[in-house]
Amino acid sequence: MEELAKYHTIISEILAEEAKGSFSNSPHVEQLLSIDRENGHYFLFMLGWDGTERVHSCLFHLDIRNDKIWIQQNNTDFEIAEELLRRGVSKDDIVLALHHPKKWQYTDYGTDLEFQNKILQK
């Protein structure tokens, strides 16, 4: 349980730092951080207008599932997995969920065998 609290803090800090940056050239686009600690969901969105174009995009989506950090989405050049490692998260506790479960075995990062088996049986 202590490890999960640590993971919550690390993810929250990283995303809060990234939210201070600018991912758009438009002054009318903001970064919105959404944290659902109870359910283990962490999002950073871009929201606003770039001229006449509506901007609503997920920059980062991370979850804490089965005691691991799942990187569900990363639409930036920022290497969030590497940053998690720098802050003390074990590679075994990071799942690159943005890649198909078949590919997890070829990374140095963690897996969730139960989840993989469910997906790969279909």
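Bear in mind that the values here come from a model prediction, so they are computed numbers and not experimental data.
Closest of all the heavy-atom pairs between Arg54 and Gly48 is NH1-O, 3.4 Å. Closest heavy-atom contact between Tyr42 and Ser12: CE2-OG, 4.0 Å. In plain terms, the two heavy atoms of Lys6 and Gly88 that are nearest each other are NZ-O, 3.4 Å. For the residue pair Leu98 and Gln72, the shortest heavy atom distance occurs at CB-O, 3.4 Å. Here the closest heavy-atom approach between residue Leu85 and residue Ser90 is recorded as CD2-C, 4.1 Å.
Rounding to the nearest 0.5 Å places CD1 of Ile10 at 12.5 Å from CZ of Arg86. The line from CG of Leu32 to CG of Leu59 is 9.5 Å long, rounded to the nearest 0.5 Å. Atom-to-atom distance recorded for Asn66:CG and Ile64:CD1 is 11.5 Å, nearest 0.5 angstrom. Between the NZ atom in Lys91 and the OG1 atom in Thr107 there is a gap of 8.0 Å [rounded to 0.5 Å]. Put simply, CG on Asp63 and CD1 on Ile69 are 10.5 Å apart, with the number rounded to the nearest 0.5 Å. Taking CG of Leu44 as the reference point, atom CD1 of Ile14 lies at 12.0 Å (rounded to 0.5 Å).
Residues Leu96 and Lys103 have side chains not in contact (no heavy-atom distance under 4.5 Å, counting atoms from C-beta outward). Within the 4.5 Å cutoff, the side chain of Ser26 has no heavy atoms near those of the Trp49 side chain. Counting heavy atoms from C-beta outward, Leu84 and Ile71 have side chains that approach closer than 4.5 Å. Counting heavy atoms from C-beta outward, Met46 and Gln31 have side chains that approach closer than 4.5 Å. Contact of the Asp93 side chain with the Tyr7 side chain is registered, since non-hydrogen atoms from C-beta on lie closer than 4.5 Å. Annotation: side chain of Asn74 is not in contact with side chain of Leu62 (no heavy-atom distance under 4.5 Å). A heavy-atom distance below 4.5 Å is not found between the side chains of Phe43 and Asp36.
Trp70 places no side-chain N or O within 3.5 Å of a backbone atom of Ala97 that could act as its donor or acceptor partner.
Ring geometry for Phe23 against Phe60 counts as perpendicular: the plane angle is over 60°, on a 0 to 90° scale with 30° as the lower cut.
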Could you walk me through whether Ile80 and Leu15 pass side-chain contact (heavy atoms from CB on, under 4.5 Å), step by step?
CA-CA 9 Å; Ile80 197 159; Leu15 293 185; 4.1 Å; yes
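Contacts classified as salt bridge (Lys or Arg N to Asp or Glu O under 4.0 Å) and involving residues 7-31 (residues at least two apart or in different chains) are given here: Glu13-Arg87, Glu17-Arg87.
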